[in-house]
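All remarks here apply to the structure that follows.
Letters A, B, ... are given to chains in the order of the sequence lines, protein chains preceding strands, and every chain is numbered from 1.
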Amino acid sequence: MTEIVLYNTMARAKQAFIPADPRRVTLYVCGPTVYNYAHIGNARPVVAFDVLFRLLRARYGAEHIVHARNFTDIDDKIIARARETGEPIQELTRRFADIYRADMAALGNLPPDFEPRATDHVSGMLTLIEGLVAKGHAYATPSGVWFSVASMPDYGKLSGRTLADLLHGARVEAMDDKNDPADFSLWKAAKPGEPFWDSPWGPGRPGWHIECSAMIEAILGRTIDLHAGGHDLIFPHHENEIAQSECAHDAPLARFWLHNGFLTMDSEKMSKSQGNVALIHDLLADWPGEVLRFALLSGHYRAPLDFTTGLLEQAKATLDRLYGALERADAAAGAAPGTGDFAPSPEIWAALADDLNSPEALAGLSGLAASLNKARIPAEITEIAGQLRASGEMMGLLGADPAHWFRAKAGDGDSDAIEALVAARTAARAARNWAEADRLRDQLNAAGVEVLDGAGGSSWRRR
RNA sequence: GGCCAUGUGGCGGAGUGGUGACGCAGCGGUCUGCAAAACCGCGUACCCCGGUUCAAUUCCGGGCGUGGCCUCCA
């Protein structure tokens, strides 16, 4: 089994991944703030690190991996949205958390073992903050509690920033009542009308970063194996998590830091402020979730990826080819699909183990499909098809029944109508009435249905 | 300005000190009543300028281009 190598942002290099305890490998991925629909860019870390999750499960055993992904369910934007719409915060966040889960499931992601919500961990945050204040790393002011960046000698080690860099770029105006412009908020005193929790510093709510520190400690432990998220989280979010957790515990927060690159839309950053976002919810109306997933995996997770319609069309075409090979294999082997214990191909395993090289792994899938299309011996067909499915599963792909893949969108009645036309065409062909047969095929094509004539008769698929 | 990435054929996108990525699209062929699907074959790709080397797309230096981060955006 090939060793897993991952690019560790902290080291700025690929490193062999060896868990602290192979019987309990811990993975934390920063999750969403739930106040609206997730866009496809939000899905990139989820898909990329779902592949990592699958790889770890395969390597160490599913029962030995603990994967947590949080929901941020209290923050300024949530409060603002609730004010706008009048929907209570709890309902709003619960509703969008459910939508998020459904979207991620549609993209073929396994659910994490834990999905903690920030508001369930406020007491843990308070304990953490109290400890930081006691150790001189934080101080209270009327506006809340602040982390004192100057109290941590190696602050900035993840993002490669020095305190001087930060001050250089910092706003000149003294914000709030903190001592240093680089200090960040651990606890915010409640303003009138805002939701609040009681604390030693009066009613208030947590700062953004502290929730992850508290949830990681509560669920996974003080030092975890892997901490992952979007590239933009390196600074300030992950930097500040490190500051809080490490100053509180005198232990490293995570052994590996993984960050995915951004999606662009027509080469521009996809962001809410620019209004160029594609919501997963909307994309799913036009594309199977697996096409979206394949498109996201077609680039390496650390590289930028331009998310375009062309990319989706290519992903769809490639998946059609892969599923086509599986469909013929199932028919030829006459066996139930997905049976038996097949292992992923060594090449695909190696590609994924090399810092989640999904494009190379996808190339491996195509290679297997080509072999499958050429295979003639039933035992060989079963073997390769099994290997192809097992390899696909490593990436959360090819899990569908090919028949479903090609014909799912048709309603039952719709399907019957298509079957009738195909049957009529078969009859016309038997009568060597080519004109009628071609007319029926044109009619089917116009309806988005492709007819495939084979030795054993004609079949059809949706385009 | 500081920091971090990145520049590969029509398009997407891996990788490598010296013959092939892979996919999509395209072209030719086999098959087919004709197609489609599948199979076989085809493309003289590595931003620019120096340097190292027998040999650089791959290493080093410089330049140019692009993207991202620089206090709450995956």
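The separation of B/rC64 from B/rC48, taken at their P atoms, amounts to 16 Å, rounded to a whole angstrom. Comparing the P positions of B/rU58 and B/rA45 gives a spacing of 15 Å, expressed to the nearest Å. As rounded to the nearest Å, B/rA25 and B/rA5 have P atoms that lie 36 Å from one another. Here the separation of B/rU16 from B/rG1, taken at their C1' atoms, is 37 Å to the nearest Å. When the C1' atom is compared between B/rC11 and B/rG51, the two are found 34 Å apart, to the nearest whole Å. When the C1' atom is compared between B/rG7 and B/rG13, the two are found 13 Å apart, to the nearest whole Å. As rounded to the nearest Å, B/rG65 and B/rU52 have C1' atoms that lie 26 Å from one another. Taking the C1' atoms as reference points, B/rC31 lies 12 Å from B/rA36, given to the whole Å.
Taking side-chain N and O atoms only, A/Tyr7 has a distance below 4.0 Å to OP1 or OP2 of B/rA5. Taking side-chain N and O atoms only, A/Lys178 has no distance below 4.0 Å to OP1 or OP2 of B/rU71. Checking the phosphate oxygens (OP1, OP2) of B/rA38, no side-chain nitrogen or oxygen of A/Asn373 falls inside 4.0 Å. When the side-chain nitrogen and oxygen atoms of A/Arg321 are compared with OP1 and OP2 of B/rC39, one or more of them lie within a distance under 4.0 Å. Between B/rA14 and A/Asn357, no contact under 4.0 Å exists linking OP1 or OP2 to a side-chain N or O.
A/Thr33 and A/Asp75 are not linked by any side-chain donor-acceptor pair at a separation below 3.5 angstrom, with hydrogens and angles left out of the test.
The nucleotide whose nearest atom lies closest to any side-chain atom of A/Ala370 is, among B/rA74, B/rG33, B/rC39, B/rC39. Checked against B/rA21, B/rA38, B/rG12, the side chain of A/Leu311 finds its nearest nucleotide in B/rG12. Of the candidate nucleotides B/rC72, B/rA37, B/rA14, B/rA37 has the atom nearest to the side chain of A/Glu450. When the nucleotides B/rC70, B/rA38, B/rA37 are ranked by their closest atom to the side chain of A/Phe235, B/rC70 comes out on top. The side chain of A/Arg12 approaches B/rC4 more closely than any other nucleotide in the set B/rC4, B/rG33, B/rA74. For A/His300, taking side-chain heavy atoms from C-beta onward, the closest of the listed nucleotides B/rA14, B/rA35, B/rU71 is B/rA14. Here the nucleotide nearest the side chain of A/Lys374, chosen from B/rG33, B/rC40, B/rG23, is B/rC40. Of the listed nucleotides (B/rC40, B/rG33, B/rA21), B/rA21 has the atom at the smallest distance from the side chain of A/Ala363. Listed candidates were B/rG33, B/rA74, B/rA35. Nearest to the side chain of A/Arg44 is B/rA74. Here the nucleotide nearest the side chain of A/Ala303, chosen from B/rA14, B/rG23, B/rA74, is B/rA14.
In this structure, CZ of A/Phe262 is placed 13 Å from C1' of B/rA5, rounded to the nearest angstrom. Across the protein-nucleic acid pair, A/Ile348 atom CD1 and B/rG23 atom C1' stand 14 Å apart, rounded to whole Å. In this structure, the CD1 atom of A/Ile234 is 16 Å from the C1' atom of B/rC72, given to the nearest Å. Distance, A/Arg439 CZ to B/rC34 C1': 17 Å, rounded to whole Å. Whole-Å rounding puts the A/Asp306 CG to B/rG7 C1' distance at 14 Å. Atom-to-atom, CH2 of A/Trp434 to P of B/rA35 comes out at 13 Å; the value is rounded to the nearest Å. To the nearest angstrom, P of B/rC22 lies 19 Å from CG of A/Asp354. With rounding to whole Å, A/Met395 atom CE is found 16 Å from B/rC22 atom P.
A salt bridge links A/Glu246 with A/Lys157: at least one charged nitrogen is closer than 4.0 Å to a carboxylate oxygen. Salt-bridge check for A/Arg407 with A/Asp401: failed, with every basic side-chain N at 4.0 Å or more from each acidic carboxylate O. Salt bridge status for A/Arg429 with A/Asp453: present, with a side-chain N to carboxylate O gap under 4.0 Å. With salt bridges taken as basic N to acidic carboxylate O contacts below 4.0 Å, none links A/Glu290 and A/Arg293.
With hydrogens and angles ignored, a donor-acceptor pair closer than 3.5 Å exists between the side chain of A/Asp453 and the base of B/rC34. Put simply, the side chain of A/Gln314 and the base of B/rC11 share a donor and an acceptor less than 3.5 Å apart. Donor-acceptor pairing under 3.5 Å, judged by distance alone, is absent between the side chain of A/Arg328 and the base of B/rA37.
A donor-acceptor pair under 3.5 Å links the side-chain atoms of A/Lys178 to the main chain of A/Asp183, judged by distance alone.
By the neighbour-count criterion of 12 heavy atoms within 6.0 Å, atom OH of A/Tyr139 is densely surrounded, having more than that number from other residues, nucleotides or ligands.
At a threshold of 4.0 angstrom between heavy atoms, the contacts of A/Lys188 include nucleobase atoms, whether or not backbone atoms are also involved. Looking at heavy-atom distances under 4.0 Å, A/Gly229 makes contact with sugar-phosphate atoms alone, never a base. Using a 4.0 Å heavy-atom cutoff across all strands shown, A/Gly299 reaches sugar-phosphate atoms only and no base atom. A/Leu452 comes within 4.0 angstrom of a nucleotide base, judged by non-hydrogen atoms across all strands. Within 4.0 Å of A/Ser159, counting heavy atoms only, lie sugar-phosphate atoms of the nucleic acid but no base atom. Within the 4.0 angstrom heavy-atom criterion, no nucleotide atom of any strand lies near A/Leu365.
The six-membered or imidazole ring of A/Tyr7 lies away from that of A/Phe256, with a centre-to-centre distance of 6.0 Å or more.
Closest-nucleotide positions on RNA chain B for A/Asp438 and A/Ala369 were compared, and the one nearer the 5' end corresponds to A/Asp438. Nucleotides of RNA chain B nearest to A/Thr318 and A/Arg302 differ in position, and the one nearer the 5' end is that of A/Arg302.
The partner of B/rG26 is B/rC42, by the rule that a Watson-Crick or G-U pair needs both atom distances under 3.5 Å. Base pairing annotation: B/rG17 forms no Watson-Crick or G-U wobble pair, as no partner gives both donor-acceptor distances under 3.5 Å. Remark: B/rC31 base-pairs with no nucleotide in the shown strands. Criterion, Watson-Crick or G-U wobble with two distances under 3.5 Å. When both pairing distances are held under 3.5 Å, B/rC3 makes a Watson-Crick or G-U pair with B/rG68.
For the side-chain hydrogen bond (donor to acceptor under 3.5 Å, both in side chains) criterion with A/Arg302, the lone passing option out of A/Thr9, A/Asp355, A/Asn260 is A/Asp355.
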